[in-house]
Amino acid sequence: MKQQSFYTLNLFVLLFCFSNGVFAQQKVVVEKANKQYEKLAYVDAIKTYERLAEKGYQSEELYQKLGNAYYFNAQLAKANTYYAQLFALNKNQEPEYLYRHAQTLKAVGDYTQSDAIMAQFAKKSSADLRAKQFDNSKDYLAQIQQNSGRYVLTNLKINSPYSDYGSSVQDNTLVFASSRDTGSVFQRKHKWTNESFTCLYSSKIEADNCLDAYKFAAEINSKFHESSAVFTKDGKTMYFTRNNFNKGKKGKDANRMTLLKIYRAQLENGTWKNVTELPFNSNEFNTAHPALTSNETHLYFASDRPGGYGKSDIWEVEIKADGSFGEPKNLGNSINTEGRETFPFVSKANELYFATDGYPGLGGLDIYQTELQETSWKKPQNIGAPANTSADDFGFYIDSDTQKGFLTSNREGGKGSDDIYSFVETKKLNCTQTIKVALVDKESKKSIQNVSITILDAQFQVVQKLNSTDGSISINEVSCDKNYFIRLEAPEYQTKEISLVKSTDVHAVYELELNQKPIASGDDLAKLMNIKMVYFDLDKWNIRPDAAYELEKIALILEENPLIKIDVRAHTDSRQTAAYNAKLSERRAQSIMAWLVKRGIASARLSGRGYGESQLTNRCSDGVPCSEDEHQANRRSEFVVE
């Protein structure tokens, strides 16, 4: 027994020492991988982390960083593998991991699970703009489907096995960025991607394709990154993105990182000179991907500077007549989110295109389009497939005259990590919305049968009229650039009307009240049916648009109750003389009756009288100081049943 115990003890000591040795070795490898990760050497970190994973090592940190390393390198399908293992290990993760996991699920085609994860994200981060976008666009896939099928794409012959991206056209020449090797003996590799630093290249456009690529001007390309060039119409000025690089040396931020800046250069006698960085750059944040407006008075760009909403935002800055610049302005949260908004482009038609992963899309970066209307941006629209995919799609350029252009994507089937595609846009993008309405009884909350919905435009002209037997109606392809009214009707229920503001999708349940209140002599129909008072402007008796909206309801009640007669009573405020106001109110009463007769109500059912200022509803009699709203309350009309 003693001898057996001796052997058992020795075996235990041997196993203990071995396991401690393995643990120590794993710890060293983990520390190495973490250092690579912290230096953004993601490709090297991936190799080290995956060696650990293959040997059975598991931890939340491992799966987080492996997922992130692939995510930040736009390899979303591989990132999904490790995010899935992360959530299998522990479902309670920070909201940002929910968001990234949802994005990567789209990359593998699982939109149902992606939406389920996004619902969790929205619940945890309800104030996040990405969560609000998701909550307000539950039918985003249907909307994207409506916008799809408008592009014919061709993979360019100039694409390499490396990264080719970003498009600008100058004098029928495509200028783009590439990490390809063009024969230099010494290559600088970027640790993030393990590809060479990008340089600008150019290629003549021939029949919607490009055959040969050559390095752009030597005076522009440096030892580090150059990309995203844009040119003025005369070709004499260019703006482009470059690493923080000055006098042969890289600049660094407080974390020893080399960031991106926008530079400007001028063409003199065929050579690019006066290469200077723009004054709103900084060593402490990125400024990249410039885009010029068609009149060349403003520059749009992407930046993660302070004052933004997310990882990168779209900003604008004024270019003054003397070549100086104003203060950069953020485009606001109608465009930007907590995600990435990047690669802006402004077409000749003043349409703004940009790439984002902050909106509900097909996955990765999707391309969106919007326009500036007066002082606000229209609701951005996903331009649809095949321009967008479940991968990253960005770097959009279009000639509004020919409807031809270029975009960049790392979709499956490409030649390299990013490829440039030429395209033809076969149909313009029209902003449409879907209106989904369900009607229920206010008391029982049960669906109302046999309902009808009428869509009216801003002039109260009928646009569409639909019926439903189950109380649910879906109306597709209603313009989101216009204002509408919805009229909801059902037998034995009070009619309800709702105003729709442009660019607002409607997915709502509306409650209708039973028309139980008997209409008796002396009742004011406006008060009985909760109809707003019909107001008039000061010293006017014409029917205002908002008054016509309310009068339409009175007309409907009269149609539904053909035996009712009403007395129209018009009133004024106390300003002007009593005699003047009596005549003015009489004109208003006659104006209302004329409108109802024109609407189809028999004149024999109508009587009317103006009461002037004799029946004020408040204290605002002659000489009493009152606000305009208080005076407005007296300029009213009543519809009393006889």
Side-chain angles (χ1 to χ4, degrees), residues 43 70 72-78 107 151-184 187-190 192-217 220-221 224-231 240-241 288-289 291 342-343 345 353 355 362-367 383 385-399 402-425:
V43 173
Y70 276 122
F72 297 147
N73 260 313
Q75 298 184 57
L76 302 186
K78 290 183 177 178
Y151 295 91
V152 179
L153 272 65
T154 303
N155 188 296
L156 292 184
K157 294 179 180 178
I158 57 167
N159 286 314
S160 70
Y162 302 97
S163 182
D164 303 291
Y165 67 94
S167 306
S168 181
V169 175
Q170 173 65 20
D171 192 24
N172 202 43
T173 298
L174 178 70
V175 180
F176 63 100
S178 179
S179 61
R180 68 186 64 197
D181 171 25
T182 56
S184 58
Q187 296 181 48
R188 290 180 177 268
K189 297 284 181 89
H190 195 255
W192 187 308
T193 62
N194 205 34
E195 289 192 356
S196 299
F197 282 81
T198 60
C199 290
L200 289 174
Y201 287 77
S202 64
S203 178
K204 280 290 183 183
I205 301 170
E206 299 180 16
D208 301 330
N209 215 313
C210 300
L211 303 180
D212 298 305
Y214 303 93
K215 268 195 174 181
F216 194 68
I220 297 297
N221 285 321
F224 303 105
H225 278 307
E226 276 83 27
S227 69
S228 310
V230 63
F231 301 85
F240 64 98
T241 304
H289 312 312
T342 186
F343 284 94
F345 168 76
Y353 293 84
L362 295 178
L365 290 170
D366 274 16
I367 300 165
I383 66 173
N388 287 321
T389 65
S390 61
D392 280 343
D393 306 287
F394 58 98
F396 188 92
Y397 166 91
I398 189 170
D399 185 327
T402 64
Q403 298 307 115
K404 295 179 179 180
F406 301 90
L407 61 84
T408 303
S409 179
N410 68 345
R411 67 189 64 192
E412 288 187 10
K415 298 176 184 177
S417 53
D418 293 311
D419 277 14
I420 302 173
Y421 294 77
S422 66
F423 66 76
V424 177
E425 186 182 61

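What's counted below: heavy atoms across the whole structure, side chains too, no hydrogens, waters or symmetry copies.
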When rounded to the nearest 0.5 angstrom, what distance separates [atom1] in [X] from [atom2] in [Y]?
{"X": "Ser167", "Y": "Phe394", "atom1": "OG", "atom2": "CZ", "value": "9.0 Å"}
{"X": "Asp212", "Y": "Lys204", "atom1": "CG", "atom2": "NZ", "value": "12.5 Å"}
{"X": "Ile220", "Y": "Leu200", "atom1": "CD1", "atom2": "CG", "value": "7.5 Å"}
{"X": "Gln403", "Y": "Tyr151", "atom1": "CD", "atom2": "OH", "value": "8.5 Å"}
{"X": "Leu153", "Y": "Glu425", "atom1": "CG", "atom2": "CD", "value": "11.0 Å"}
{"X": "Tyr397", "Y": "Phe176", "atom1": "OH", "atom2": "CZ", "value": "15.5 Å"}

Do you know which two heavy atoms are closest between [X] and [Y], and how far apart they sit?
{"X": "Tyr162", "Y": "Arg180", "value": "CD1-CA, 3.8 Å"}
{"X": "Phe231", "Y": "Ser168", "value": "CD1-OG, 3.6 Å"}
{"X": "Asp366", "Y": "Thr389", "value": "OD1-O, 3.4 Å"}
{"X": "Ala213", "Y": "Ser203", "value": "CA-CB, 4.2 Å"}
{"X": "Phe343", "Y": "Ser228", "value": "CE2-OG, 3.9 Å"}
{"X": "Arg411", "Y": "Asn388", "value": "NH2-N, 4.4 Å"}

Could you check whether any side-chain heavy atom of [X] comes within less than 4.5 Å of a side-chain heavy atom of [Y], counting everything from C-beta outward?
{"X": "Lys404", "Y": "Ile398", "answer": "no"}
{"X": "Asn410", "Y": "Ser417", "answer": "no"}
{"X": "Tyr165", "Y": "Ser227", "answer": "yes"}
{"X": "Leu407", "Y": "Ile420", "answer": "no"}

Q.
Aromatic contact between Phe396 and Phe423, with the criterion being ring centroids under 6.0 Å apart: yes or no?
A.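 Yes.
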
Counting N and O atoms only, with roles assigned by atom type, does the side chain of [X] sit under 3.5 Å from a partner on the main chain of [Y], one being a donor and the other an acceptor?
{"X": "Ser202", "Y": "Phe216", "value": "no"}
{"X": "His225", "Y": "Thr198", "value": "yes"}
{"X": "Asn209", "Y": "Glu206", "value": "no"}
{"X": "Asn221", "Y": "Lys215", "value": "no"}
{"X": "Lys415", "Y": "Leu156", "value": "yes"}
{"X": "Asp419", "Y": "Gly416", "value": "yes"}

Q.
Does either side chain, that of Asp393 or that of Ser409, offer a donor lying less than 3.5 Å from an acceptor on the other one?
A.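 Per modelled atom types, Asp393 and Ser409 side chains form a pair under 3.5 Å.
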
Q: Go through the side-chain N and O atoms of Ser178 and Asp164 and say whether any donor and acceptor fall under 3.5 Å apart.
A: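 Ser178 vs Asp164: donor-acceptor pair found between side chains.
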
**Q.** side chain to side chain contact (heavy atoms under 4.5 Å, CB included) evaluation trace for Val169 with Asp399
**A.** CA-CA 9 Å; Val169 175; Asp399 185 327; over 6 Å; no

